[in-house]
Amino acid sequence: MPVRSSSEGILADERAEARAELIEMLKKAYFMEVETVMSYITNSINPDGVRAQEIVESLQQDIQEELGHAQQFAHRIKELYGVVPGSLEFTPEQSYLQPPAEQTDIVHVIKGVIEAETGAIEHYNALIDATDETDPVTNDMVIAILRDEEGHRRLFEGYLREYEVEGKA
Ligand SMILES: [Fe+2]
C-alpha cells in the first residue's frame with residue numbers, strides 16, 4: 001500500500017498555516033512547563049522552617065506532574081510536524097518565583113505558585129479556544145492539563161488563605 005498523508009483535519013497539507021500558529025502556542029506552553037519545573041525544584045528545596053514543610057512536599061510532587069505536561073506539549077509539537085525547540089530559544093519569565101530574600105518567607109512562594117498557575121491557565125484557555133473547532137486532539141490534551149493547573153492553583157489558594165487568617169500574608 002502506498003504511504004498516504006492525511007487530507008483531513010489539522011494534519012492536512014492545506015492546514016499548514018494554522019498548524020504553524022498552533023505550534024507557536026504549544027512551544028510557549030512547553031517552555032512555561034519547563035520553567036515551572038525549574039522553579040518548583042528551586043522552591044521545593046530552598047524553604048526553611050516547620051511551616052514550609054507542607055508547601056515543600058506539595059511542590060515536590062508537582063514537579064513530576066509539570067514535567068509530564070512539558071513532555072505532552074513536546075510530543076504534540078512533533079505530531080503536528082513541528083520541531084521541539086532547543087534550550088537557546090528559551091526566555092525566562094517567572095520573576096515571581098525567584099528565591100525570596102528570606103528562605104522562611106513561604107508566602108512569597110505560595111503567591112509565586114498562584115501567579116505561575118494563573119499564567120498557565122490563561123494560556124491554556126487560549127489554546128483550547130484556538131483548537132476548539134480545528135484540532136480535537138490538542139483540545140482534549142490541553143483540557144486535561146488545564147484541569148491539573150486549576151486544581152493546583154486551588155490548592156495553593158487554600159494555603160494562602162490559611163496564612164492570611166493567621167495574619168502572616
Ligand atoms: Fe503544568
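Read the numbers this way: they start at 1 and go in the same order the structure lists the ligands and their atoms.
- The existence of a salt bridge linking Asp135 and Arg76 is confirmed by a sub-4.0 Å separation between a basic side-chain nitrogen and an acidic carboxylate oxygen.
- For the pair Lys27 and Glu24, the salt-bridge criterion is met [side-chain N within less than 4.0 Å of a carboxylate O].
- In His69, the N, O or S atom that comes nearest to the Fe ion (ligand 1) is ND1.
- The N, O or S atom of Glu149 lying closest to the Fe ion (ligand 1) is OE2.
- Looking only at N/O/S atoms, Glu66 comes nearest to the Fe ion (ligand 1) through OE1.
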Decide salt bridge (charged side-chain N to carboxylate O under 4.0 Å, His left out) for Glu157 and Arg153; before the verdict, give the C-alpha distance in whole Å, the side-chain angles of both, and the deciding distance to 0.1 Å. CA-CA 6 Å; Glu157 284 172 349; Arg153 183 172 70 177; 3.7 Å; yes

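- Counting non-hydrogen atoms of neighbouring residues, nucleotides and ligands closer than 6.0 angstrom, the CD atom of Glu150 exceeds 12 such neighbours.
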